[in-house]
Amino acid sequence: ETGVTQTPRHLVMGMTNKKSLKCEQHLGHNAMYWYKQSAKKPLELMFVYSLEERVENNSVPSRFSPECPNSSHLFLHLHTLQPEDSALYLCASSQDPLTEQYFGPGTRLTVT
Amino acid sequence: EDQVTQSPEALRLQEGESSSLNCSYTVSGLRGLFWYRQDPGKGPEFLFTLYSAGEEKEKERLKATLTKKESFLHITAPKPEDSATYLCAVQDDYKLSFGAGTTVTVRA
């Protein structure tokens with residue numbers, strides 16, 4: 001595997017379900033990110049981890065819970081989501097928080 | 001708060017018809033301006049980083065330029081495979097802020 005990978009690529013879940021999104025980067029980077037992309041809207045930064053410590057949390061609802069066990073892996077735990085949470089969730093990584101970010105293919109999430 | 005505005009929202013070009021995309025920004029302390037390309041159903045692909053006014057970067061048919069208030073992405077003699085959404089983002093000391101993008105369609 002090369003670059004940034006995300007699983008699953010598609011996810012349909014009910015509002016009472018609990019699921020997790022996984023991201024893995026194979027670039028040797030020290031920073032990882034979660035973004036939300038909704039139709040016709042700019043990418044919204046959700047969480048930033050640098051050297052496995054969370055450095056940014058952009059007022060994201062508590063039904064989204066990130067986890068960064070090491071510098072190569074990032075998870076986004078989801079529970080009791082709302083239909084408006086349906087979007088493309090993108091993971092990215094960079095050498096440090098100020099350099100260019102490399103994105104994964106995204107997870108298309110649908111909340112029913 | 002940083003603001004990034006991209007125009008136009010959509011651009012339809014004939015193959016070979018050169019054009020430019022605009023990204024205007026306000027930021028307190030620019031650390032870098034980034035251009036990305038995004039194809040439908042995929043994550044953004046990094047294209048360029050620009051750090052200071054007057055800087056230019058080129059890659060194949062694409063050329064990015066930067067002033068103190070805006071950046072342009074010039075597409076020279078585009079081909080259908082250049083069809084994509086092009087995203088601009090600005091980096092300050094804390095985070096990367098994205099514009100909504102310009103969707104480019106190139107017809108053969």
Side-chain angles (χ1 to χ4, degrees), chain A residues 1-11 21 23-27 29 31-50 54-60 74 87-110, chain B residues 1-10 21-52 55 57 59 62 64 66 71 73 84-103:
Chain A
E1 295 277 15
T2 59
V4 181
T5 59
Q6 291 186 243
T7 55
R9 294 296 311 278
H10 301 271
L11 179 62
L21 309 185
C23 175
E24 184 173 0
Q25 59 97 0
H26 308 267
L27 300 169
H29 288 165
M32 296 188 76
Y33 313 79
W34 281 116
Y35 287 88
K36 176 183 179 182
Q37 187 173 37
S38 304
K40 304 295 184 183
K41 292 177 66 176
L43 270 73
E44 300 173 48
L45 178 64
M46 300 176 71
F47 300 103
V48 180
Y49 278 83
S50 178
R54 189 191 303 180
V55 295
E56 181 81 26
N57 174 0
N58 273 9
S59 302
V60 178
L74 187 63
L88 182 68
Y89 288 84
L90 291 161
C91 173
S93 72
S94 64
Q95 186 59 45
D96 64 60
L98 297 180
T99 56
E100 69 273 11
Q101 297 176 20
Y102 293 85
F103 286 82
T107 294
R108 172 66 63 186
L109 174 66
T110 303
Chain B
E1 184 174 318
D2 299 347
Q3 290 195 349
V4 184
T5 304
Q6 292 189 245
S7 62
E9 286 187 18
L21 285 56
N22 178 264
C23 171
S24 62
Y25 63 91
T26 56
V27 62
S28 55
L30 180 70
R31 299 298 295 266
L33 184 142
F34 302 87
W35 282 98
Y36 287 86
R37 168 193 171 126
Q38 186 173 23
D39 293 303
K42 296 186 177 182
E45 174 190 347
F46 170 70
L47 293 174
F48 304 110
T49 309
L50 300 167
Y51 292 103
S52 57
E55 189 174 359
K57 292 276 181 73
K59 180 180 180 180
L62 301 177
L66 181 64
S71 177
L73 184 66
T85 296
Y86 291 86
L87 304 174
C88 170
V90 295
Q91 176 78 56
D92 63 15
D93 285 334
Y94 304 101
K95 73 175 199 178
L96 190 64
S97 299
F98 280 84
T102 295
T103 299

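Proteins come first, then strands; the chains are lettered A, B, ... in the order of their sequence lines, and each starts at number 1.
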Name each donor-acceptor pair under 3.5 Å that joins a side chain in residues 27-36 of chain B to protein atoms two or more places apart or in another chain, with its distance.
residue	atom	partner	partner atom	Å
B:Arg31	NH1	B:Asp93	OD1	2.6
B:Trp35	NE1	B:Ser71	OG	2.9
B:Tyr36	OH	A:Gln101	N	3.0
B:Tyr36	OH	A:Gln101	O	2.9

Please list every donor-acceptor pair under 3.5 Å in which a side-chain atom of residues 42-49 of chain B meets a protein atom from a residue at least two apart or in another chain.
none

- [ ] Please flag which part of A:Leu88 lies under 4.5 Å from any non-hydrogen atom of chain B: side chain, backbone, both or neither.
- [x] side chain

- [ ] Under 4.5 Å, heavy atom to heavy atom: which of residues 31-39 of chain A reach chain B? Give them by number, or say none.
- [x] A:Tyr35, A:Gln37

- [ ] Examine whether an atom of B:Glu9 lies under 4.5 Å from a heavy atom of chain A, and if so say whether it belongs to the side chain, the backbone or both; otherwise answer neither.
- [x] neither

Task: Partners meeting side chain to side chain donor-acceptor pair (under 3.5 Å) with A:Tyr102 (sequence neighbours left out) - done: A:Glu100

Open item on the list: Give me the atom names and distance for the closest heavy-atom approach of B:Asp92 to A:Leu98.
Closed with: O-CD2, 3.5 Å

- [ ] Could you tell me which portion of A:Leu45 (side chain, backbone, both or neither) has an atom closer than 4.5 angstrom to a non-hydrogen atom of chain B?
- [x] side chain

